[in-house]
Amino acid sequence: MRLSRSFVPTLKEIPVEAQIVSHRLMLRAGLVRQTAAGIYAWLPAGFRVLQNIAAIVRAEQDAAGAQELLMPTIQPAELWRESGRYDDYGKEMLRLQDRHERDLVYGPTNEEMITDLFRQSIRSYRELPQIVYHIQWKFRDEVRPRFGVMRGREFLMKDAYSFDLDYDGAVISYRRMMLAYMRTFRRMGLKAIPMQAESGPIGGNMSHEFIILAPTGESEVFYDAAFEEIDYSASGFDIFSADDLDRFAGLMTRHYAATDEKHDPALWAELAPERQRRGRGIEVGHVFYFGSKYSAAMGFSVAGADGRPVAPEMGSYGIGVSRLVGALIEASHDEAGIIWPDAVAPFRAAILNLRQGDAACDRLCEALYAKLDHAALYDDREERAGVKFADADLMGHPWQVIVGPRGAANGTVELKRRASGERQELALESALARIL
RNA sequence: CGGAGCGUAGCGCAGCCUGGUAGCGCAUCAGUCUGGGGGACUGGGGGUCGUGGGUUCAAAUCCCGCCGCUCCGACCA
């Protein structure tokens with residue numbers, strides 16, 4: 001993109017309403033604009049980040065054997081009456097009526113709907129297990145939206161649903177999603193720690209929150225240093241091997257990890273002091289096992305091997321895609337602005353033309369832009385060097401290719417790494433080689 | 001939902017107390033000079049003062065209603 005012709009409205013001053021860094025930086029870097037309380041429009045650069053995050057989530061869900069589909073945002077109230085949540089959910093659920101005065105809701109989640117879809121078509125135990133997911137906008141009418149996109153009312157979420165014939169199968173699905181989550185967050189450059197959210201009804205650790213560490217996080221977290229050492233990478237575990245998943249789950253649940261709400265000082269004290277880690281964290285994912293709660297309530301059963309009906313065991317698995325944009329910034333920024341991890345950056349590199357109109361500078365920049373294409377944001381504005389530096393740092397592109405009259409004369413550019421600040425004078429081809 | 005506060009130009013704010021026909025910085029537009037970390041000068045443009053009503057000769061300013069937004073607390077992908 002050429003910045004001179006792009007809708008990337010950066011701000012020099014901090015909008016008053018934004019209290020936390022990620023929100024301030026998202027507004028200043030021109031990623032989002034607020035439309036109503038807790039409701040945001042995603043501008044081109046912000047939307048690219050959102051898409052990049054969704055792509056990583058999608059890739060890891062697919063790799064775990066989950067199937068992508070797309071359910072609607074608007075749901076008939078009838079489904080929610082069946083499960084009993086129409087009354088339970090309270091004011092957080094946005095309710096509306098169509099022209100025929102039929103009750104509808106804007107979906108805050110999709111357990112009812114997916115259960116309905118499965119009961120329409122799945123009849124036999126032979127068709128299980130299955131995991132499906134979608135990445136869709138949700139609406140929860142929070143009493144008090146805040147922290148920008150981190151606690152918005154409208155948000156983009158990946159939610160997956162697993163269906164298994166029995167408990168043992170459900171455990172495997174649950175662990176498979178946990179491993180997929182660890183890989184997902186790791187690919188984004190985040191350190192995530194699964195923390196027990198509540199004891200499952202059957203006694204296992206069957207509800208976990210995934211917390212990423214960020215100094216400005218909303219809750220205090222306590223964890224074993226072991227989490228800094230575990231390697232969740234692809235090499236270690238086969239996501240389709242029940243044995244590997246068992247080994248993985250052991251690693252995830254063997255060590256102490258808890259948010260302040262679940263913190264147990266007695267257990268904590270048993271951990272050697274040099275292995276105790278405290279920090280602050282943000283919840284970016286949540287996995288639940290809830291058995292046949294919805295399948296039973298909504299009359300979904302399949303024929304078991306003996307021909308008798310069985311209510312499948314279910315789980316649901318969420319990742320806050322739009323929240324992750326804020327969380328990533330909370331975890332990675334400095335005084336000058338955002339520091340995007342390479343995997344999610346809206347642009348891999350910014351090309352800074354320090355002397356727009358200078359023949360040598362223009363020629364070099366155009367050559368770079370032609371090669372980098374959509375991976376680059378070309379700052380071709382008629383602005384002074386300082387403005388371009390400040391905006392590039394603010395927007396946080398992993399690389400900056402600085403093209404000024406000094407080097408342009410003999411064909412070199414300066415390559416700056418945003419994260420480290422390291423700069424290097426290079427020939428155009430070498431700079432390209434390092435970026436791509 | 002309880003408590004507090006704010007709404008004046010794109011952004012940040014002053015003016016309100018003590019009514020008299022709207023101002024500052026940044027941004028923006030034109031021009032000149034400048035040119036490697038948010039430049040200087042000159043000259044422009046832009047506001048039904050959130051909204052409806054009331055008081056008054058006169059309302060951004062005083063009074064009432066409504067709407068919106070923010071912050072603190074209880075709640076959460």
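Predicted, not measured: the structure shown is a model, and the values here were computed from it. Just so it is clear: chains get the letters A, B, ... in the order the sequence lines come, proteins before strands, and each one is counted from 1.
Spacing between G50(B) and A58(B) at atom C1', rounded to whole Å, works out to 23 Å. Spacing of P atoms, G45(B) relative to G5(B), comes out at 40 Å, to the nearest Å. To the nearest whole angstrom, the two C1' atoms, one in U34(B) and one in A40(B), are 8 Å apart. Annotation: G23(B) and C16(B) have their C1' atoms spaced 14 Å apart (nearest Å). Spacing of P atoms, G15(B) relative to C6(B), comes out at 12 Å, to the nearest Å. Spacing of P atoms, U70(B) relative to C13(B), comes out at 15 Å, to the nearest Å. As rounded to the nearest Å, A9(B) and G25(B) have P atoms that lie 16 Å from one another. Taking the C1' atom of each, C72(B) and C26(B) are spaced 31 Å apart, rounded to whole Å.
One finds a salt bridge joining D103(A) and R81(A) here, because a Lys/Arg side-chain nitrogen approaches an Asp/Glu carboxylate oxygen to under 4.0 Å. Salt-bridge formation is not detected for the pair E422(A)/R417(A): no Lys NZ or Arg NE/NH1/NH2 atom is positioned less than 4.0 Å from an Asp or Glu carboxylate oxygen.
The residue G90(A) sits apart from the nucleic acid: no heavy atom pair falls under 4.0 Å. Among the atoms of the strands shown, only primed sugar atoms or phosphate atoms (P, OP1, OP2) are found under 4.0 Å from some heavy atom of I14(A). Using a 4.0 Å heavy-atom cutoff across all strands shown, R33(A) reaches no nucleic acid atom at all. Nucleic acid contact for D391(A): base, since at least one base atom lies under 4.0 Å from a heavy atom of the residue. At a threshold of 4.0 angstrom between heavy atoms, the contacts of V321(A) with the nucleic acid are absent.
Nucleotide C76(B) holds its C1' atom 14 Å from the CZ atom of R85(A), rounded to whole Å. Summarising the geometry, the separation between CD on E17(A) and P on G50(B) is reported as 17 Å, rounded to the nearest angstrom. Atom CZ in F185(A) sits about 10 Å away from atom C1' in A77(B), given to the nearest Å. Distance CZ (R151(A)) to C1' (U70(B)): 16 Å, rounded to an integer number of Å. Per the geometry, CZ belonging to R381(A) stands 12 Å off P belonging to A27(B), to the nearest Å. Note: CD (E218(A)) to P (G73(B)) measures 13 Å, nearest angstrom. Whole-Å rounding puts the I212(A) CD1 to A77(B) P distance at 15 Å. A straight line from CD1 of I39(A) to P of C69(B) spans 8 Å, rounded to a whole angstrom.
In this model, no side-chain donor or acceptor of R24(A) finds a partner on the base of G12(B) within 3.5 Å. Scanning atom types as modelled, no donor and acceptor separated by under 3.5 angstrom connect the side chain of E13(A) and the base of G38(B).
Q97(A) and E101(A) make their closest contact through NE2-O, 3.5 Å (heavy atoms, listed as atom of the first residue, atom of the second, distance). Pairing each heavy atom of I212(A) with each of A327(A), the nearest pair is CD1-CB, 3.6 Å. When all heavy atoms of A18(A) and L27(A) are compared, the closest pair comes out as CB-CD1, 3.9 Å. Residue P145(A) comes nearest to E142(A) through the heavy atom pair CD-O, 3.7 Å, listed as atom of the first residue, atom of the second, then distance. The minimum heavy-atom distance linking F300(A) with I122(A) is given by the pair CE1-O, 3.5 Å.
Annotation: cation-pi pair R277(A)/Y223(A) absent, no NZ/CZ under 6.0 Å from the ring centroid and within 45° of its normal.
The side chain of R28(A) has G38(B) as its nearest neighbour among G38(B), G12(B), C75(B).
Partner R418(A) forms a side-chain contact (heavy atoms from CB on, under 4.5 Å) with one of Q400(A), H397(A), M395(A) and no other, that one being Q400(A).
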> What string of B, S and - do you get for nucleotides 28-37 of chain B, 5' to 3', when a contact is any protein heavy atom under 4.0 Å?
Replying inline: S-----BSBB
> What one-letter contact string describes nucleotides 1-7 of chain B from 5' to 3', where B marks a base within less than 4.0 Å of any protein heavy atom, S marks contact via sugar-phosphate atoms alone, and - marks no contact?
Replying inline: B------
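Between the side chains of Y133(A) and D159(A), no donor N or O sits under 3.5 Å from an acceptor N or O. Donor-acceptor pairing under 3.5 Å is lacking for the side chains of S219(A) and D260(A).
Nucleotide G52(B) is matched to C64(B) when pairs are restricted to Watson-Crick or G-U wobble geometry with both distances under 3.5 angstrom.
The shortest distance between the side-chain N/O atoms of Q34(A) and the OP1/OP2 oxygens of U70(B) is below 4.0 Å. Side-chain N/O atoms of K12(A) include one lying less than 4.0 angstrom from OP1 or OP2 on A27(B).
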